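Naming: A, B, ... by sequence-line order, numbering from 1 per chain. Given the structure is predicted, the values throughout are model-derived calculations rather than measurements.
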Amino acid sequence: MADFFNFLLNGLSIGSIYALIAVGYTMVYGIIKLINFAHGEFYMFGAFVGYTALMFAFGVPASGGEPGYLPLLAAILVAGVATAVLAVIVERLCYRPLRNAGRIVALLSALGVSLFLQNLGQQTVSANYRKFPPTIADSRFPRSEVPLDSIQPGDIFSRNVILTYAVIAEDGRPQQRSATVALAGEPVEAGQLAQARALAQNSALEAHAYSYARVTINNKQALIVVTLLLVAAGLYLLVQHTRFGRAMRAVSVDFEAAQLMGVPVDRIISGTFFIGAFVAGLGGVLAGGMYYERIDPLMGLMPGLKAFVAAVLGGIGSIPGAILGALILGMSEKMVEAYVSSGLRDAFAFGILIAVLLVKPSGILGRFEGEKV
Amino acid sequence: MSAPNGSAPVLRVDGLDVFYGGIQALRGVSLDVRKGELVTLIGCNGAGKSTTLKTVSGMLKPKAGKVVFQEQPIEGRPSHDIVRRGLALCPEGRRIFPNLTVDENLDLGAYIRSDRAEIRSDRDKMRGLFPILAERAKQLAGTLSGGEQQMLAIARALMSRPKLLMLDEPSLGLAPKLVEQIFQVLANLKREHVTILLVEQNARQALQVADRGYVLETGRIVKDGPARALADDPDVRKAYLGG
């Protein structure tokens, strides 16, 4: 049972990553009815900007210690803004001139932008994976510290006790490691304990032994979920309670009528791209960078497609729908991976897309908006 | 054609040619509206009435001709800029925002303004003018009846405090009783010296409430004059007033 909840929490965090991308998809669709297939590349671009910022500006301390939350936050903000600016430029150059050319034409342009950004990335920064610089230390909780000195050989713990320590890696920076001190329900072995004490003594950073709860969440995953909550709350306030949000909703149903109210439609559309891409860019740093620690020019492809599935599942055009769809997708995908087959995970996700399109194309929260005349 | 006073017109349209692709919809349309006047543009379906208003409001670009609003040329300017100058269009088919509440629709009408207190007092004024808008304030506008939506559309246009209000077929598709009500509203607005350019198919009612009128036929102005004179004109009577 504990496994089930661990999988669920894991799925929740993966769903949150999809959600950070899906909100941009759905906002853009809501306002100009364009499926912006380049949106996954915005996520990739954000991760690369975050990488650059951490490597060259906010500096990873060479002397030891993880960079911590502040550099990460700075990298997130820089990446968000840079990605947003890229999106505004893309809209201006590749979508706006085609606004009256029909939806298929704009869609093809979006596919073109997507391929262009992928290939541009491969040509300029190479197609190889690169390791994202360390951001914050990994940890899981709830947990409680067990002082290493207090442990005696033969003690029996009801939970696993794990030592967290650090070694100096090849690049001269400390790298986090862990080692088992005691297994749940088994007496502590003297040899294992001595080894753990030695590792703790030589650790590059302060070492701790913890016993973990049965159901835990990783701090990075928690950070992603919390970020999604903040983004969701921010978007809700923006859309429902600001002049900009009102204008956005007006443009989404009738941009001509909105124009007649004095709403500068082009600026509202630019603003929508800005916000959606800002969220995707920060998602890139958090997910591709901080969490997976691997970035490459094609990293936006799969998450982008999954986010598209999530947006359709939730009802494309609806922001709460996109978030709900993403969380459902992330969690159910994780369940398939855990209990059925990890090889079927992606097939399952795209199966959802086909099923939704066949059974309920408007999605969970989407409404088919009939017009009253 | 003579103006009631000597001042420059609020709106002057001069020799407007407008095309839809290769089809010419307006042929040298000229008209003017002076401060405080209610001017009506009547004509059959397809005569070019809506096209005229759409061109004035910036939704269509003319091929030739001038639109001068408060002595500034505005032809070819984007709609949102034209609204800012004080020219509001209440479009055909109402075009209220169905996914927004009644209050939010009114707030959008005041999008170009930033004087919050004044906006609130104008909203109260609209609720006085159209009590239904107070009753339904928090309701989604899409749930209103056709007549209520029309009231909302007019109120929304007034929220920008226009110097000229253009109305495109406000009585279209409404029950006779509601049509009566809409024209009552127009008469009230006129009494408050709101300058109005009204496009109507319902020529009888329009000429009753208007000061002056223009008759549009297949893209050309064929007659103009005081509303009463037009209502008595045998050609107009025959074509638009049922004899």
Crowded around [X] [atom1]? As in, over 12 foreign heavy atoms under 6.0 Å?
| X | atom1 | answer |
| --- | --- | --- |
| A:Phe350 | CZ | yes |
| A:Leu358 | CG | yes |
| A:Ile104 | CD1 | no |
| B:Arg84 | CZ | yes |
| B:His193 | NE2 | no |
| A:Gln240 | CD | yes |

*Any chance you could measure A:Leu260, atom CG, to B:Arg95, atom CZ, to the nearest 0.5 Å?*
7.0 Å

*Which value, rounded to the nearest 0.5 Å, describes the distance between B:Ile82 atom CD1 and A:Gln259 atom CD?*
10.0 Å

*side chain to side chain contact (heavy atoms under 4.5 Å, CB included) evaluation trace for B:Leu100 with A:Arg249*: CA-CA 8 Å; B:Leu100 269 61; A:Arg249 283 182 286 148; 3.6 Å; yes

*Sequence neighbours excluded - side-chain hydrogen bond (donor to acceptor under 3.5 Å, both in side chains) pairs with any residue from residues 52-66 of chain B*: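 Not a single pair qualifies under side-chain hydrogen bond (donor to acceptor under 3.5 Å, both in side chains).
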
_Suppose a student defines contact as a heavy atom less than 4.5 Å from any heavy atom of chain B. Which residues in residues 304-311 of chain A would they list?_
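None at all.
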
Are any of the side-chain heavy atoms of [X] and [Y] separated by less than 4.5 Å?
| X | Y | result |
| --- | --- | --- |
| A:Arg246 | B:Asp107 | yes |
| A:Glu256 | B:Met59 | yes |
| B:Pro78 | A:Asp266 | no |

*asked:* Using every non-hydrogen atom in the two residues, find where A:Ala250 and B:Leu108 come nearest and quote the distance to one decimal.
replied: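 Where A:Ala250 meets B:Leu108 most closely, the heavy atoms are CB-CD1, 3.3 Å.
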
*Sidechain-backbone polar pair: A:Arg243 side chain, B:Tyr111 backbone, donor-acceptor under 3.5 Å*: yes

_Between A:Ser252 and B:Asn99, is the side chain to side chain contact (heavy atoms under 4.5 Å, CB included) condition met? List the steps._
CA-CA 10 Å; A:Ser252 77; B:Asn99 56 333; 4.1 Å; yes

